[in-house]
Amino acid sequence: MSRKRARIGAMQALFAMDVNDDFSTDKLDLFMENHEFQGDEVDYIKRTVPDILDKLDLVDETIEKNLKGWTMARLAKVDRQILRIAVYEFLYKDDIPEEVSINEAVEIARLYSSDEAPKFINGILGTIYRSF
């Protein structure tokens with residue numbers, strides 16, 4: 001399994017849900033039907049996305065209190081999903097080092113977001129990491 005590919009898939013699924021303002025399992029199922037992922041990638045996405053959504057209030061609260069001069073609503077939708085996945089991993093995935101989550105988030109931002117996003121995401125995640 002490519003954990004990066006699985007994280008990208010989770011980000012894309014969350015992004016599609018956010019764009020459509022539909023965070024239902026039906027939307028996740030539709031996303032999975034229209035994208036090709038390999039065994040463990042499918043498992044990661046199907047486990048992680050619903051778990052993030054179940055814990056979204058705490059994940060978003062953790063992000064929001066570390067945004068200086070920003071709100072969740074002002075963040076680019078892609079950046080919001082990247083941050084959600086990384087912060088979810090910080091809070092709930094003891095088997096994933098925080099440094100790995102930060103690095104993966106920055107790499108995904110380089111691929112899918114603006115030129116400024118990697119530095120912005122790194123700064124927010126670094127602040128959150130240091131607060132633990």
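Nothing here was measured: the structure is a model prediction, and the numbers come from that model. What's counted below: heavy atoms across the whole structure, side chains too, no hydrogens, waters or symmetry copies.
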Self-check item: Minimum-distance pair of heavy atoms, taken over all atoms of Tyr44 and Ala10
Solution: CE2-CB, 4.2 Å
Self-check item: Stepwise side chain to side chain contact (heavy atoms under 4.5 Å, CB included) check, Leu53 with Leu14
Solution: CA-CA 9 Å; Leu53 296 175; Leu14 289 167; 3.9 Å; yes
Quiz prompt | Results of ring-ring contact (aromatic ring centres under 6.0 Å, His included) for Phe15 - residues two or more places apart only | solution = none
Show me, pair by pair, the donor-acceptor contacts under 3.5 angstrom made by side chains of residues 91-101, not counting sequence neighbours?
from, atom 1, to, atom 2, distance (Å)
Glu99, OE2, Tyr129, OH, 2.7
Ser101, OG, Glu89, OE1, 2.6

Exercise. Calculate, to the nearest 0.5 Å, the distance between atoms NZ and CG belonging to Lys65 and Leu67 respectively.
Key: 12.0 Å
Quiz prompt | Asn66 side-chain N/O to Thr62 backbone N/O, donor-acceptor pair under 3.5 Å | solution = yes
Practice problem: Give a yes or no answer on whether the side chain of Asn20 reaches the backbone of Asp22 with a donor-acceptor pair at less than 3.5 Å. | Solution: no
Exercise. Check whether more than 12 heavy atoms from other residues, nucleotides or ligands sit under 6.0 Å from atom NZ of Lys55, and answer yes or no.
Key: yes
Practice problem: Supply the atom-to-atom distance Ile8 CD1 to Ser2 OG, rounded to the nearest 0.5 angstrom. | Solution: 7.0 Å
Quiz item: When rounded to the nearest 0.5 angstrom, what distance separates CD1 in Ile128 from CZ in Phe90?
Solution: 6.5 Å
Self-check item: salt bridge (charged side-chain N to carboxylate O under 4.0 Å, His left out) against Arg47, all qualifying residues, sequence neighbours excluded
Solution: none
Practice problem: Can you measure from CD1 (Ile63) to OG1 (Thr71) and round to the nearest 0.5 angstrom? | Solution: 12.0 Å
Quiz prompt | Separation between CG of Leu56 and CD1 of Ile52, rounded to the nearest 0.5 Å | solution = 8.5 Å
Exercise. Could you check if a side-chain atom of Glu61 sits within less than 4.5 angstrom of a side-chain atom of Glu64, using non-hydrogen atoms only?
Key: no
Exercise. Could you tell me which residues satisfy side-chain contact (heavy atoms from CB on, under 4.5 Å) with Glu107, sequence neighbours excluded, listed by chain and number?
Key: Lys4, Asn103, Arg110
Practice problem: May I have all residue pairs that pass salt bridge (charged side-chain N to carboxylate O under 4.0 Å, His left out) and include part of residues 118-132, sequence neighbours excluded? | Solution: none
Would you tabulate the side-chain donor-acceptor contacts of residues 76-87 under 3.5 Å, counting partners in other chains and residues two or more places apart, or write 'none'?
from, atom 1, to, atom 2, distance (Å)
Asp79, OD1, Ser113, OG, 2.5
Arg80, NE, Asp18, OD2, 3.0
Arg80, NH1, Met72, O, 2.5
Arg80, NH1, Leu75, O, 3.4
Arg80, NH2, Asp18, OD2, 2.8
Gln81, OE1, Arg84, NH1, 3.1
Gln81, NE2, Asp18, OD2, 2.7
Gln81, NE2, Lys77, O, 3.0
Arg84, NE, Asp60, OD1, 2.8
Arg84, NH2, Asp60, OD2, 2.8

Check residues 25-36 and write down every donor-acceptor pair under 3.5 Å in which the side-chain atom is one partner and the other belongs to a residue at least two apart or another chain.
from, atom 1, to, atom 2, distance (Å)
Asn34, ND2, Leu30, O, 2.8
His35, ND1, Phe31, O, 2.8

Quiz item: So which pairs with a foot in residues 104-123 pass ring-ring contact (aromatic ring centres under 6.0 Å, His included), sequence neighbours left out?
Solution: Trp70-Phe120
